[in-house]
Structure formats: structure tokens, C-alpha cells
Trainee: 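The structure is given below, and queries will be raised subsequently.
First listed ligand is number 1; within each ligand, the first listed atom is number 1. This chain uses plain numbering: 1 for the first residue, then up along the sequence.
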Amino acid sequence: MSQSATMPQDTTQPDSNGHFGPYGGRYVPETLMHPLKELEEEYFRSQSDPDFQTELDYYLREFCGRPTPLYHAERLSKELGGAKIYLKREDLLHTGAHKINNSMGQILLAKRMGKKRIIAETGAGQHGVATATVAAMFGMECVIYMGAHDCERQALNVYRMKMLGAKVHPVTAGQQTLKEAVNEAMRDWVTNVRDTHYILGTAYGAHPYPLMVRNFQRVIGDEARRQILEKEDRLPTLLIACVGGGSNAIGLFFPFLEDNDVQMLGVEAGGEGIKPERHAARFQGGSLGVLQGTRSYILQDDNGQIQLTHSVSAGLDYAAVGPEHAWLKDNNRAEYSYAKDDQALDACLKLSRLEGIIPALESSHAIAAVIERAPKMSCDEIIIANLSGRGDKDVQQIADKVHL
Ligand SMILES: *Cc1c(COP(=O)(O)O)cnc(C)c1O
């Protein structure tokens, strides 16, 4: 891994059309080109406006609870008997996961653009809850598109969004899950773009979303870098994060990309193993294709039909991966592995019992990789694992699977 950590500096930014090498871009119908360009322009203007950053910093600190601790997991490190393990505690944020970093950034952008209405897609409901939260806070109308099947599986999050004043729109097309919810959100956006902003929830989709979401999430890595230098006076050996669309992982990785000695490991959902339709590990069974606005590794059959996916964690259960990760993989700058459902469940219980922290099932995939890697490393090496969210939302599902 370390031998390949030489990436030319200019590849850490996409080109002007949002391409990370052969990945990314903007594959959308003509009607979406204008809104995307308008969004891109306003986003770049906000980036060079210090007042915007000041306002974002204020709400991230006072409302969301940043900075999050970089916590030395002493008992886990001792138990595994190798590397010293630190956890970046995104689980301690308001609404329980890193998603609010992005929702907060985008709603401030929407406000700046004079939009009055917010729409978003959600799978498990975490991004829907984060978005409904910031919409409530700024008094904006909010509509969340969610597959009808997901609405059933995640009834508690549906109710949460409604408590926050959002309208939840169940989508009954196709498999009635995240992919269909994204399609509906895009359809709404085209129709209502004049007063509506679409808060996309991960580092995916048409340019500028992958770039913009990464930049709103890089606060994770910026803080972690500063914190580890304060605590250890050196950079970590290895970063580990789970990869759904890829926003928490790229948020952690990005500020370290030019530190060539820092290794990076993204962990995908291995589900029940790498068999068609039983996992969501795009770098294992995926191939190059275009889905929902961007070009990346996609789980598809020989005819280009999108395959079914499976994971115990809804947040990792998507057929495509963010384009920047595809680029980092091709450049060997980051490595990608997977954890299976049962490994994630074991990791979840292990962290709960050793550290008193119940992680989200998504984050448990990163912990599973920590459990595998740490013992093979020496005690003077450091791992930073991103604890992207807390596990409260998953307790019922875990209870159905694991008898205690
Ligand atoms: C949504 C979610 C993820 C996956 O999304 P990314 O964009 O890949 O980060 C991971 N962890 C938690 C807790 C989530 O809610």
C-alpha cells in the first residue's frame, strides 16, 4: 500500500467539468444542466466569501457540535495488541452522524441562493433526518423522497422527519429503495428549480455534488489531522472509513492525500459475500458505467442493468461508489476492502463492550477492518478510524439478528 502512495498533486481536484480522471462528470438530461451550472457558480462564489465560511463554522460549532473528539480507544487497542487506535467521533454530532456537516453546508448555500424549498433523497433515513433538521432550523419547506420499501423498514426515521416538519414522499417505482428515490428527487428538482435546492446526501451524482459534498465533509479530516498532530506529534499510519457513496471516507482522507506516508483504507459492504446481488462492494464486482449523473464503478449485469445490492447497513447499500474513490483506487492512493454483514455485527458488539460506544452498522464495517488490520501492525503505528455514526438507529435490527 505505502509503495504506491505517490499521487501527482493536481489529481486531488477534478477538472472544470468535474472529472476525476475518467470518473465523475455530469451525465444528466439537458433540463438539469442549467440548475447544476447555477449551483456550481454559486458554490464557487461562496467558497471565496469569508462570511460564508464564518457562518458555516458558527453553525457547525454551536448547533452540530463540532469539533468532534479524536478519541484514543485504549481498550480496543490493547485487546487487538497492535497499532494504537484512535476514533474520530462523528457519532457524537447532532442527529448522530457525519451527514449533518453536508446538510448544513448545503442549506446555507440554498439560503444564499434565495431558495425557499429543500428536497432530498434518503435510503435509511439518516440523510433525510439531517436535512429535515436543518430545514426546520432555517424555516424552509422540506420534502424528502424515500423508497416505499425503505419507509417500512425505517418507520422510526420517517416519523422523526415528520416531527421535524418535513413531508415524506414514499416512492413506489421499481424496487422502491434509494435509487428510485434519487430519480424522483431529480424529477422534482427539474420541475421546481426556481425556488428549490436539492441537498444530495453523499459524494456522488453530477458535478458539482461530489466536489461540494467532499469539501463540506473535509472538516472531518482537517480536524483529525490537527488533533493527531497535537496528541502524537506525527501523522497516522493508516486511515480507515466505511464507503457507501463515499462522503465520510473522502471527508477523512482528503486532507491527508498529499501526505504520502499516510495509508488509506475504504471499507465497502461485503453483505453475505461477493456473489451477485448479495453485496454492495462496487470495487469487487463492479465495472465502469454511468448511474444518476456520474461515471464510476457500478454493480451492473452484462446488459448494463443495475444489479440488486444487499447489506445489513442501509447506508452502504447502493450500486455505485463516488467518483473520487474510483480515481483514488485507480491511482493506488487508497486501498478498498470489504467487511461482510456478520463481521460488521461482531465488530459492533466488540466496540460496544470494549469501549462503551455502540457504532452505526455502517461504521461497524470500518471497525471490522480495524480488527483485521491492527493486530498486524506494530504498537508504534497509529490508526485513525472514522466512527461515522452512532448505532441507536440500528438497535432493533441488531436485536432481530443477535440473541443476547
Ligand atoms: C449514510 C451513512 C454512511 C454512508 O455514507 P457515506 O456517504 O459513504 O459516508 C456511513 N455511515 C453512516 C453512519 C451513515 O449514516
Side-chain angles (χ1 to χ4, degrees), residues 68 87-103 106 120-131 133 146 150 154 157 160 177-178 181-182 199-205 209-210 212-221 239-254 265-269 280-283 292 294 296-297 309 311-326 328 334 336 338-339 344 347-348 351 357-369 385-395 397:
T68 60
L87 303 174
K88 183 60 174 157
R89 298 289 310 274
E90 296 298 291
D91 62 312
L92 292 176
L93 286 174
H94 184 41
T95 68
H98 68 289
K99 293 219 167 63
I100 195 140
N101 300 325
N102 170 51
S103 294
Q106 285 199 46
E121 84 296 339
T122 197
Q126 291 305 105
H127 175 58
V129 169
T131 298
T133 297
M146 187 168 182
D150 290 335
Q154 303 288 339
N157 272 340
R160 251 183 216 130
T177 60
L178 178 60
V182 174
I199 301 190
L200 203 151
T202 187
Y204 194 78
Y209 281 105
M212 183 170 73
V213 176
R214 176 252 271 166
N215 288 345
F216 284 136
Q217 292 292 0
R218 68 169 288 175
V219 65
I220 302 171
L239 306 174
I240 300 183
C242 66
V243 182
S247 69
N248 87 89
I250 201 68
L252 176 65
F253 294 174
F254 185 72
L265 174 63
V267 187
E268 296 184 285
R282 290 70 42 108
F283 290 128
Q292 296 182 325
T294 200
S296 189
Y297 280 75
T309 51
S311 169
V312 69
S313 72
L316 303 184
D317 199 352
Y318 185 62
V321 65
E324 192 165 3
H325 287 290
L328 293 177
Y336 294 85
Y338 61 92
C348 180
L351 194 72
I357 299 169
I358 300 177
L361 283 176
E362 291 84 2
S363 322
S364 300
H365 287 70
I367 302 302
N386 201 16
L387 208 63
S388 54
R390 61 174 178 245
D392 307 39
K393 69 184 175 62
D394 298 319
V395 170
Q397 200 192 345

Trainee: Using the ring of Phe254 (Phe, Tyr or Trp, six-membered ring only), decide whether Arg214 places NZ or CZ under 6.0 Å from its centre and within 45 degrees of its axis.
Mentor: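 Yes, Arg214 sits over the ring of Phe254.
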
Trainee: Could you list which atoms of ligand 1 come closer than 4.0 Å to a heavy atom of Gly244?
Mentor: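 Within the 4.0 Å cut-off of Gly244, ligand 1 contributes 8 (O).
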
Trainee: Tell me the contacting part of His127 for ligand 1: side chain, backbone, both, or neither, using a 4.0 Å heavy-atom threshold, strictly below.
Mentor: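 Neither; nothing of His127 gets under 4.0 Å from ligand 1.
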
Trainee: Hey, are the side chains of Glu90 and Asn101 touching, using non-hydrogen atoms and a 4.5 Å cut-off?
Mentor: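 Of all side-chain heavy-atom pairs linking Asn101 with Glu90, at least one is under 4.5 Å.
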
Trainee: Could you tell me which atoms of ligand 1, counted from 1 in the order shown, lie closer than 4.0 angstrom to a heavy atom of Gln126?
Mentor: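 In order of numbering, the contacting atoms are 15 (O).
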
Trainee: Near Ile358 CD1, under 6.0 Å, is it more than 12 heavy atoms from other residues, nucleotides or ligands?
Mentor: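 Counting other residues, nucleotides and ligands, CD1 of Ile358 stays at 12 neighbours or fewer.
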
Trainee: Among all protein heavy atoms, pick out the one at the shortest distance from atom 12 (C) of ligand 1; state its residue, atom name and that distance to 0.1 Å.
Mentor: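 Nearest protein contact, heavy atoms only, for atom 12 (C) of ligand 1 is Ser388 OG, 3.5 Å.
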
Trainee: Using the rule given for side-chain hydrogen bond (donor to acceptor under 3.5 Å, both in side chains), can you reason through Tyr209 versus Gln292, listing the C-alpha separation, both sets of side-chain angles and the distance that settles it, and then say yes or no?
Mentor: CA-CA 12 Å; Tyr209 281 105; Gln292 296 182 325; over 6 Å; no

Trainee: Of the protein's non-hydrogen atoms, which lies at the shortest distance from atom 4 (C) of ligand 1, and what is that distance?
Mentor: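 For this ligand atom, the closest protein heavy atom is Gly315 O, 3.3 Å.
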
Trainee: Determine the sole option in Ser247, Ser388, Ser363 for which the side chain to side chain donor-acceptor pair (under 3.5 Å) test with His98 is passed.
Mentor: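 The passing option is Ser247.
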
Trainee: Below 3.5 angstrom, do we get any N/O pair linking Leu316 and ligand 1?
Mentor: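 In this structure, Leu316 places no N or O atom under 3.5 Å from an N or O of ligand 1.
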
Trainee: Going by distance only, is there an N or O of Asn248 that falls short of 3.5 Å from an N or O of ligand 1?
Mentor: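 Checking ligand 1 against Asn248, an N or O pair does fall under 3.5 Å apart.
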
Trainee: Side chains of Leu316 and Glu268, heavy atoms from C-beta outward: is any pair under 4.5 Å?
Mentor: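 Answer no - side chains too far apart.
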
Trainee: Under 4.0 Å from a heavy atom of Gly389: which atoms of ligand 1 are those, numbered in the order shown and with their elements?
Mentor: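 The atoms of ligand 1 under 4.0 Å from a heavy atom of Gly389 are 13 (C).
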
Trainee: What protein heavy atom lies closest to atom 7 (O) of ligand 1? Include the residue and the distance to one decimal.
Mentor: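 Checked against all protein heavy atoms, atom 7 (O) of ligand 1 sits closest to Thr202 OG1, 2.5 Å.
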
Trainee: Hey, does Glu362 come in under 3.5 Å of ligand 1, counting only N/O atoms on both sides?
Mentor: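 No, there is no polar N/O contact under 3.5 Å.
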
Trainee: For atom 15 (O) of ligand 1, what is the closest protein heavy atom, and at what distance to 0.1 Å?
Mentor: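 Residue, atom and distance for the closest contact: Lys99 NZ, 2.7 Å.
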
Trainee: Is it true that a side-chain atom of His325 and a backbone atom of Ala334 form a donor plus acceptor pair closer than 3.5 Å?
Mentor: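 No, His325 side chain to Ala334 backbone: no donor-acceptor pair under 3.5 Å.
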
Trainee: Quick one: which ligand 1 atoms are inside 4.0 Å of a heavy atom on Gly246?
Mentor: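 By the 4.0 Å cutoff, the relevant atoms are 6 (P), 7 (O), 8 (O).
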
Trainee: Quick one, Tyr204 and Thr294 - any side-chain contact, counting heavy atoms below 4.5 Å?
Mentor: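 Yes, at least one pair of side-chain atoms sits under 4.5 Å.
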
Trainee: Do His98 and ligand 1 have an N or O pair less than 3.5 Å apart?
Mentor: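 It does: an N or O of His98 is found under 3.5 Å from an N or O of ligand 1.
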
Trainee: Any side-chain to backbone donor/acceptor pair from Arg89 onto Thr68? Under 3.5 Å, distance only.
Mentor: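 The answer is no, because no donor-acceptor pair under 3.5 Å joins these two groups.
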
